[in-house]
Participant: 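There's a structure below that I have some questions on.
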Amino acid sequence: MGNILIWAVWVIAAFSCLASGVAVVSFANPFFSALALIGNLASLAVLYLLLSAEFVAAAQVLVYAGAVMVMFLFVTAYLGGRADAPWAGGPGWQQLGAVLAAGAILVEVIVVIGLKAGGRLSEQSPVDEAFGSPAQIGRLFLTDHLLAFEITSVVLLVAAVGGVILGAHSHTDRQELDAGA
Amino acid sequence: MRGPEVTWYLAVAAFLFATGALGVLLRRSPLIVLLSLEIMLNGANLALIAFARHHGEAGGQIFALAVMAVAASEVVVGLGLIVALARRRLDLDVDKLSTLRG
Amino acid sequence: MIVAAWICLLAPLGAALAITLCGTAISRRVAGYLATASVLGSFAAALVVLAELWSESPEERQHASTAFTWLTGGSFEVGVRILADPLSVFMMLVVSGVGFLIVAYSIGYMDGDDEERRYFAYMALFVFSMLLLVQGGNFVMLLAGWGLVGLSSYLLIGFWHERPEAVAAAKKAFVMNAIGDATMALAFFLLIQHGHTLNFPGAFDLGGESSWFVNLVALGLLGGAVAKSAQLPLQTWLPDAMEGPTPVSALIHAATMVTAGVYLIVRCNGVFEQAPHVQELAAGLGAATLLMAGLIALVQTDIKRVIAYSTMSQIGYMFVGAGIGTYANAEFHLMTHAFFKALLFLAAGLVIHALAGEQDIRRMGGIGGLMPMTRIAFLIGSLALVGIPPFAGFFSKDPIIAAALDAGWFGEILFVATLIGTFLTGLYAFRLFFLVFPGEPSPFVREHLMHGSHAYGPEGAHGEDDASRPHGHDTHEHAGEGPFSMTAPVAVLAILSVVGGWIQFAPFWHPISNWLEPVAPPLVEPTNTQEVIASVAAVLLGLAGMALAWLVYAERRLAVPRLAFGRNLLEHKFYFDELYDYAFFRPAVGTARFLRRAIEEPLVLGSIGGIAETFRDLGGWTRRAQTGLVRTYALAIAASVAVMTIVFVAVR
């Protein structure tokens, strides 16, 4: 019984994940794409929960959906949602090449999973209650993966500085740069 | 509890990644490109979490958190660029932004 | 003593370097004094070496000193080696002694010239090179000195480099000398290849080699000697070399450099004696040159060119002497010739200097009354040249003629040739004297020397080539015939031309022959009878030539015969220049032009452009990958990832 529930949840979450992913890529209006992305993030959070990653799921909703998507929506609103014809433009060979490359990657990954790692992926290790809990994550961040923690903070600092610089008003006259494209 | 095996999650992750890649390669608006980039990153994150669960190593989740932080930073800079472009009244079309042409 | 020998060699080099490095920091006068002092120092050092050698017994008189090993190649080694033996010290004394006098003379002659420092640096360089040549202890050092004197000669002939004739003459001299250098180098290569040492005197022992080999080596050496000494067939550069300043002509083209060929033959007498036919060839070339030059000198109108051909002729005598084996006499004649030829050149220089650069003897008549001391000097020089006793030439030239009698049937031919040469010498020498010195001053001379207004310098020029001869005359004391620095060396040389021959009088006392015997033992020993016959005949013929000259040019009782063909032949110097022009120069230029058209322009220049264009095109093609579109780059990355995944999976 419990198993069927899990499977059902999984199917719904996976399906919505994929659908929203496709939606993000397909919509002409960036506003709708952003909203689809929010849906994507929510379904992913559910999938994370199924994988015993509670903290990550919470962080996903808070940080990603809460902060990053809000930023996206701000900018989309500011820009006025300029649309573009999604499938037009660019050289024909480029589109064909893009489809081929993406398809190739997909196929390869599946093949690799199927061929190379088939047997070993069926056994799942048992985990205890504390797996994926904030306590464990916090302990790992401050002991085994301290360097990653510190570097990540530096990256965030750099991004903040970059954002400020990019947003500052420049000295050059706007008219000067209007011609270039 | 049992549920789908890791392989199913990995398949989903692969699909997400490929979809995101298609978006990056095929769309012209830089905003949409950034969004597609997010999709790709999320696909990678899913794979990481899945493997973390499979091996019982929480290091994968740590990695996923770091990826999230980096994604956030990247979005900051990318959106900053887009806003700067818009302020200079440039066309938001990656095909037109080619002054670095050789 | 070895120290003295090194000092003798290096002092002029030091002066040359000092003058070059000091540049305009020292005055022009000081440069002249520096050069003169260094050569005087060389002379003093040479005297020291002489004294030391004298005090030793004849067998010991050979000292070599190697400064360091210069080249090594396997078992082959060559060092910077100098040799102090009777022959080298003899030459050192002549070179530095006469060189000192001439460099001192130059102080006055070149006074006022803008580039005086360069001149004295070159002169010092020349003296160093010549000393290196004669002091060299192996063939390589000799060749180094050989090449350097060629260089100095080029630099000094072309000293007034704004004159195109001077530049052309310098090039001609250098190229013809290069031919000689090449033959000599080939001879050395042969020696090296056969494993012989190049050090003196070991290099002369070629026993065990085939006669082909020895003949080739000797021919190579002879080629160099002929080029350097301006003998047939490489003689055409010497008259043109008179474009240089007169002291240069005196030092390089009379007293020292051109005698290097004679020194070479005497030094390498061992080699030549093993190749007797080549030695005879040397004598034959000397005799032919002797006659040819004497004939050409009869029609020359430039005072320096007459003396130049005279030099060529006298060196012919020395070649005859070396060719038949009377080495000491050849060297003795070299010494006395240095005295009286330098005297003649320097006296001519006094005349030229007084006439503001004029060298054409047809305009010069009657200058003797106005320049009495010069006249006496010139007369002494001419008498010495012709070989009238008791002047120097008599004692040195006649033994050569006598020795020819002792040298078989070939020697008899040489005997006749040298005697005819004596007649010619008397004729052309006194033609020159009588045309220039005695009698009433010509209008030209009057203008220059008699009036109070001295219009000197290029702007007061008379004659076609005056204006381009940069000649400063700011201090020209006219009471004397030139400044002390010019008249004193002339006086010294005049004295030497009188007494210089008295050092050896063949039958009675012969210290020079004794001195040189260990190094160059003579092949022939003329008897007293032969000596007397030769001397008497030579003196008589010389006097006859003088008398004929007097009749034709002084008294004007006889006229010069018309003989158009002969005149043309002589005036064109036997057409050698034209011959070489057609035989060598034109084909070379034609070949060069053809190569340029056919090969250089299309292939070499074209290929450079072609290579550049290819690279530019490559760059252009590569540039197309930079589309500037983000999407293209992203596609490239995605495709690469796809490919690499396959690769990684497949490899594992």
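Scope of the values below: all heavy atoms of this structure, side chains included, with no hydrogens, waters or symmetry mates.
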Participant: Where does C:Thr632 contact chain A at under 4.5 Å (heavy atoms): side chain, backbone, both or neither?
Facilitator: both

Participant: Does anything in residues 101-110 of chain A get under 4.5 Å of chain C by heavy atoms, and if so which residues?
Facilitator: A:Ala101, A:Ala104, A:Ile105, A:Glu108

Participant: Look at atom CZ of A:Phe131 and say whether more than 12 heavy atoms of other residues, nucleotides or ligands are closer to it than 6.0 Å.
Facilitator: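 More than 12 within 6.0 Å, yes.
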
Participant: Give a yes or no on this: more than 12 heavy atoms of other residues, nucleotides or ligands lie within 6.0 Å of atom OH of C:Tyr580.
Facilitator: yes

Participant: Report, as yes or no, whether the 6.0 Å neighbourhood of atom CH2 on A:Trp10 holds more than 12 heavy atoms from other residues, nucleotides or ligands.
Facilitator: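 Yes, CH2 of A:Trp10 has more than 12 neighbouring heavy atoms, counting only those of other groups under 6.0 Å.
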
Participant: In chain order, what residues pass the side-chain hydrogen bond (donor to acceptor under 3.5 Å, both in side chains) check against A:Tyr64, with sequence neighbours excluded?
Facilitator: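 side-chain hydrogen bond (donor to acceptor under 3.5 Å, both in side chains) check on A:Tyr64 returns B:Glu38.
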
Participant: Flag yes if more than 12 heavy atoms outside C:Phe68 fall under 6.0 Å of its CZ atom; otherwise flag no.
Facilitator: yes

Participant: Is the count of non-hydrogen atoms from other residues, nucleotides or ligands lying under 6.0 Å from A:Phe141 atom CZ greater than 12?
Facilitator: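 Yes, the 6.0 Å shell around CZ holds more than 12 heavy atoms from other groups.
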
